[in-house]
Q: 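Provided herewith is a single structure, encoded as structure tokens, for subsequent inquiry.
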Amino acid sequence: DTAVSQTPKYLVTQMGNDKSIKCEQNLGHDTMYWYKQDSKKFLKIMFSYNNKELIINETVPNRFSPKSPDKAHLNLHINSLELGDSAVYFCASSLRGANEQFFGPGTRLTVL
Amino acid sequence: QQQVKQSPQSLIVQKGGISIINCAYENTAFDYFPWYQQFPGKGPALLIAIRPDVSEKKEGRFTISFNKSAKQFSLHIMDSQPGDSATYFCAASTGTYKYIFGTGTRLKVLA
């Protein structure tokens, strides 16, 4: 019954590797987001998609590439991982016209 | 102008006491102010939210006070319980759905 789900929950990898995080929502929402929460718990938006179209793209390195195959899914692919990419990544979703965002459980990425 | 300043960084309250967390913003275009609660290892969850045309909103033990002229808003948790121990984030957004989060307040309620 999980509304916004993410896989994997934990991801440990070496510097320079490429990895992906998947997000799915079953709320019928049409807008999805990726947030990054750093070690100090600061939450910052990275990307937002509405109906598979990119609508928010913050100042994020090109190594990060989101992909939305349909309204219910938003994946995040990260190339050439760096130590500074270590963080918890949260997916969220909302319905256009409604402000509330629903967050997933997060993916803790550790780059060694 | 896009910042939301939140204080205090951490807060310890006795059970039954009142917890107060404050936020301030600069961008007058913000039109939605939610508070999120985050437990360790979990994603943030909406607690309560307010729009600038209202000065106060109450839901159970949680109240938002909003001062439009001062560009400040605060969360009050009445009768604080140990189960309220979590990190609380204020946020602000405009119609673009882009949340700007505060830096978070770690609340610990002592039994």
Side-chain angles (χ1 to χ4, degrees), chain A residues 2-10 21 23-25 27 29-51 53-60 74 87-110, chain B residues 2-11 21 23 25 27 29-54 57 59 62 64 66 73 85-108:
Chain A
T2 305
V4 182
S5 59
Q6 294 179 229
T7 54
K9 187 163 176 64
Y10 301 97
I21 306 171
C23 178
E24 177 181 1
Q25 55 92 6
L27 297 167
H29 291 165
D30 55 7
T31 306
M32 296 184 73
Y33 312 80
W34 279 112
Y35 285 86
K36 180 180 181 180
Q37 187 171 47
D38 62 23
S39 58
K40 295 185 179 179
K41 289 208 171 281
F42 184 61
L43 265 167
K44 192 173 191 306
I45 190 164
M46 301 172 69
F47 301 102
S48 175
Y49 271 76
N50 176 258
N51 280 323
E53 182 183 343
L54 183 66
I55 56 171
I56 294 175
N57 184 352
E58 290 297 287
T59 310
V60 178
L74 180 62
V88 181
Y89 292 84
F90 287 100
C91 176
S93 72
S94 69
L95 194 59
R96 192 179 186 98
N99 289 93
E100 182 178 357
Q101 294 184 17
F102 293 78
F103 283 76
T107 295
R108 181 175 292 276
L109 172 64
T110 303
Chain B
Q2 288 294 312
Q3 272 189 323
V4 177
K5 295 181 180 179
Q6 183 172 346
S7 63
Q9 190 174 353
S10 62
L11 183 59
I21 305 170
C23 284
Y25 64 97
N27 187 351
F30 288 141
D31 60 3
Y32 180 74
F33 301 88
W35 284 91
Y36 276 77
Q37 180 187 56
Q38 185 180 24
F39 293 105
K42 305 290 184 184
L46 181 67
L47 194 60
I48 186 172
I50 198 168
R51 294 194 179 274
D53 53 347
V54 175
K57 184 174 181 181
E59 289 184 4
F62 301 92
I64 299 180
F66 189 86
F73 58 110
S85 297
T87 300
Y88 292 81
F89 293 92
C90 64
S93 74
T94 64
T96 58
Y97 315 114
K98 178 179 167 180
Y99 278 9
I100 305 296
F101 278 95
T103 48
T105 296
R106 187 169 292 188
L107 171 66
K108 185 175 177 65

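For clarity, every value in this text was computed on a predicted model and none was experimentally measured. Letters A, B, ... mirror the listed sequences (proteins, then strands); counts begin at 1.
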Q: Counting only heavy atoms closer than 4.5 Å, note whether Thr103(B) contacts chain A via side chain, backbone, both or neither.
A: both
Q: Under the side-chain contact (heavy atoms from CB on, under 4.5 Å) rule, what do Phe90(A) and Gln38(B) come out as? Steps first, then yes or no, please.
A: CA-CA 12 Å; Phe90(A) 287 100; Gln38(B) 185 180 24; 3.3 Å; yes
Q: Nearest heavy-atom pair of Phe42(A) and Phe101(B): which atoms, and what distance?
A: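 Taking every non-hydrogen atom into account, CE1-O, 3.7 Å.
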Q: Quick one: which residues of residues 40-47 of chain B reach chain A at under 4.5 angstrom, heavy atoms only?
A: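 If one takes a 4.5 Å heavy-atom cut-off, the residues of residues 40-47 of chain B near chain A are Gly41(B), Lys42(B), Gly43(B), Pro44(B), Leu46(B).
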Q: What distance separates Asn99(A) CG from Thr94(B) OG1, expressed to the nearest 0.5 Å?
A: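 Interatomic distance, Asn99(A) CG to Thr94(B) OG1, rounded to 0.5 Å: 9.0 Å.
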Q: Tell me if the NZ atom of Lys5(B) is crowded by more than 12 foreign heavy atoms within 6.0 Å.
A: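 12 or below, so no.
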Q: Would Tyr33(A) and Tyr99(B) satisfy side-chain contact (heavy atoms from CB on, under 4.5 Å), going step by step from the backbone distance to the final call?
A: CA-CA 10 Å; Tyr33(A) 312 80; Tyr99(B) 278 9; over 6 Å; no
Q: Can you check whether Phe89(B) reaches Gln37(A) side chain to side chain, under 4.5 Å on heavy atoms?
A: yes
Q: Drop me the distance from Gln9(B)'s CD to Lys40(A)'s NZ, to the nearest 0.5 angstrom.
A: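 Here the rounded value is 8.5 Å.
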Q: Not counting sequence neighbours, which residues clear salt bridge (Lys or Arg N to Asp or Glu O under 4.0 Å) with Glu59(B)? List them please.
A: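 Once residues adjacent in sequence are excluded, the partners of Glu59(B) under the salt bridge (Lys or Arg N to Asp or Glu O under 4.0 Å) criterion are Lys57(B).
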Q: So which part of Gln101(A) gets closer than 4.5 Å to some heavy atom of chain B, the side chain, the backbone, both or neither?
A: both
Q: Measuring heavy-atom distances to chain B, does Lys44(A) have an atom under 4.5 Å in its side chain, in its backbone, in both, or in neither?
A: neither
